[in-house]
Amino acid sequence: MARCTPPALAEAGTFNPDLMKKTARMAARESHSGGVAWHFAPMVDIARDARWGRVSEGGRDYNTVNMAMSLFYNVYLRPFQAAVRSGAQTAMAAFNDSNGVPCTVNKFLLREVLKDTLGLPGFVVSDANAIK
């Protein structure tokens with residue numbers, strides 16, 4: 001069985017992009033050798049606020065997020081833009097809700113932002129059986 005990739009926060013703390021590429025390459029090879037052709041790494045966590053979904057360091061996963069659009073476009077969206085420009089093919093919707101709408105069914109985030117604005121070429125999956 002393939003090992004998990006290092007947590008994004010730990011990798012970021014190294015300030016070593018070459019090391020991050022090396023660990024991602026290792027995880028991809030291990031996954032592929034076990035028959036896994038799709039890998040959820042690296043993960044994009046913008047840990048500016050512990051309420052943001054998947055930021056377990058603050059101990060409050062899957063909370064609600066209320067965010068001004070200027071903050072969304074100028075801070076949080078930028079890493080996702082970079083990921084798509086760098087070749088990301090798929091994405092996973094957050095388990096939490098954003099401005100009162102569950103991310104797993106949020107037309108604005110999934111269709112307008114990810115597909116239409118960023119041009120994500122592949123598909124989006126739900127997280128943790130959010131849609132059964």
Side-chain angles (χ1 to χ4, degrees):
M1 177 178 275
R3 291 178 297 209
C4 292
T5 57
L9 185 60
E11 285 191 320
T14 68
F15 296 96
N16 186 337
D18 291 331
L19 178 62
M20 290 182 230
K21 288 177 186 176
K22 182 178 178 182
T23 59
R25 199 173 304 115
M26 288 169 52
R29 285 183 183 138
E30 289 179 6
S31 296
H32 187 262
S33 71
V36 176
W38 186 36
H39 204 276
F40 290 89
M43 183 173 76
V44 179
D45 261 346
I46 298 92
R48 290 171 42 106
D49 186 329
R51 293 174 296 169
W52 194 253
R54 281 286 195 205
V55 180
S56 58
E57 292 82 21
R60 295 178 283 190
D61 271 0
Y62 311 128
N63 207 337
T64 188
V65 174
N66 292 303
M67 182 182 304
M69 287 294 101
S70 60
L71 184 62
F72 172 76
Y73 281 107
N74 293 313
V75 175
Y76 287 96
L77 188 59
R78 289 179 185 229
F80 294 94
Q81 287 172 316
V84 172
R85 286 183 190 140
S86 295
Q89 299 290 304
T90 60
M92 179 188 293
F95 192 75
N96 56 299
D97 71 75
S98 178
N99 294 333
V101 181
C103 292
T104 53
V105 294
N106 191 318
K107 182 181 177 185
F108 168 72
L109 291 176
L110 301 179
R111 171 59 57 191
E112 295 176 30
V113 174
L114 274 178
K115 299 298 276 180
D116 297 341
T117 301
L118 299 185
L120 183 76
F123 56 90
V124 179
V125 298
S126 64
D127 188 8
N129 297 314
I131 298 178
K132 296 183 184 205

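Just so it is clear, the values below take in all heavy atoms, side chains as well, and ignore hydrogens, waters and symmetry mates. Every value quoted in this text rests on a predicted model; they were computed, and no experiment measured them.
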**OP:** Output the distance between atom CZ (Arg111) and atom CG (Asn106), rounded to the nearest 0.5 Å.
**Re:** 13.0 Å

Subject >> Close side-chain approach of Val125 and Thr90, heavy atoms under 4.5 Å >> reply: no

Subject >> Any donor-acceptor N/O pair, Ser31 side chain to Ala28 backbone, under 3.5 Å >> reply: no

**OP:** With rounding to the nearest 0.5 Å, note down the distance linking CG in Leu71 to CG in Leu77.
**Re:** 11.0 Å

Subject >> Beyond-backbone contact of Val124 with Met92, side-chain heavy atoms, under 4.5 angstrom >> reply: no

Original post:
Hey, what do you get for CG (Asn96) to SG (Cys103), rounding to the nearest 0.5 Å?
Top reply: 4.5 Å

Subject >> Close side-chain approach of Arg78 to Asn74, heavy-atom, < 4.5 Å >> reply: yes

**OP:** Report the C-alpha distance between Phe80 and Leu109 in whole Å, list the side-chain angles of each, state the deciding distance to 0.1 Å, and finish with yes or no for side-chain contact (heavy atoms from CB on, under 4.5 Å).
**Re:** CA-CA 12 Å; Phe80 294 94; Leu109 291 176; over 6 Å; no

Subject >> Donor-acceptor contact present, side-chain Asn66 to main-chain Ser98, <3.5 Å >> reply: no

Original post:
Can you tell me how far OG of Ser126 sits from CZ of Phe95, rounded to the nearest 0.5 angstrom?
Top reply: 9.0 Å

Subject >> Same apolar cluster (I L V M F W Y, side chains within < 4.5 Å links), Val75/Val113 >> reply: yes

**OP:** To the nearest 0.5 angstrom, please state how far the OG1 atom of Thr117 sits from the CD atom of Gln81.
**Re:** 9.0 Å

Subject >> Hydrophobic cluster of Ile131, others only, ordered by chain and residue number, side-chain cut-off 4.5 Å >> reply: Val105

Subject >> Atom of Met20, atom of Thr14 and distance for their closest heavy-atom approach >> reply: CE-OG1, 4.2 Å

Original post:
Can you name the closest pair of heavy atoms from Leu114 and Ala91 and give their distance?
Top reply: CD1-CB, 4.3 Å

Subject >> Non-hydrogen atoms of Tyr76 and Pro79 that approach each other most closely >> reply: O-CD, 3.3 Å

Original post:
Are any of the side-chain heavy atoms of Lys115 and Leu110 separated by less than 4.5 Å?
Top reply: no

**OP:** Please round to the nearest 0.5 Å and tell me the distance separating atom CZ of Arg25 and atom NZ of Lys21.
**Re:** 8.0 Å

Subject >> For Ala130 against Thr104, the heavy-atom pair lying closest together >> reply: CB-CG2, 3.4 Å

Subject >> Co-membership, hydrophobic cluster, residues Leu118 and Tyr73, 4.5 Å side-chain >> reply: yes

Original post:
Between Phe108 and Met69, is any pair of side-chain heavy atoms under 4.5 Å apart?
Top reply: yes

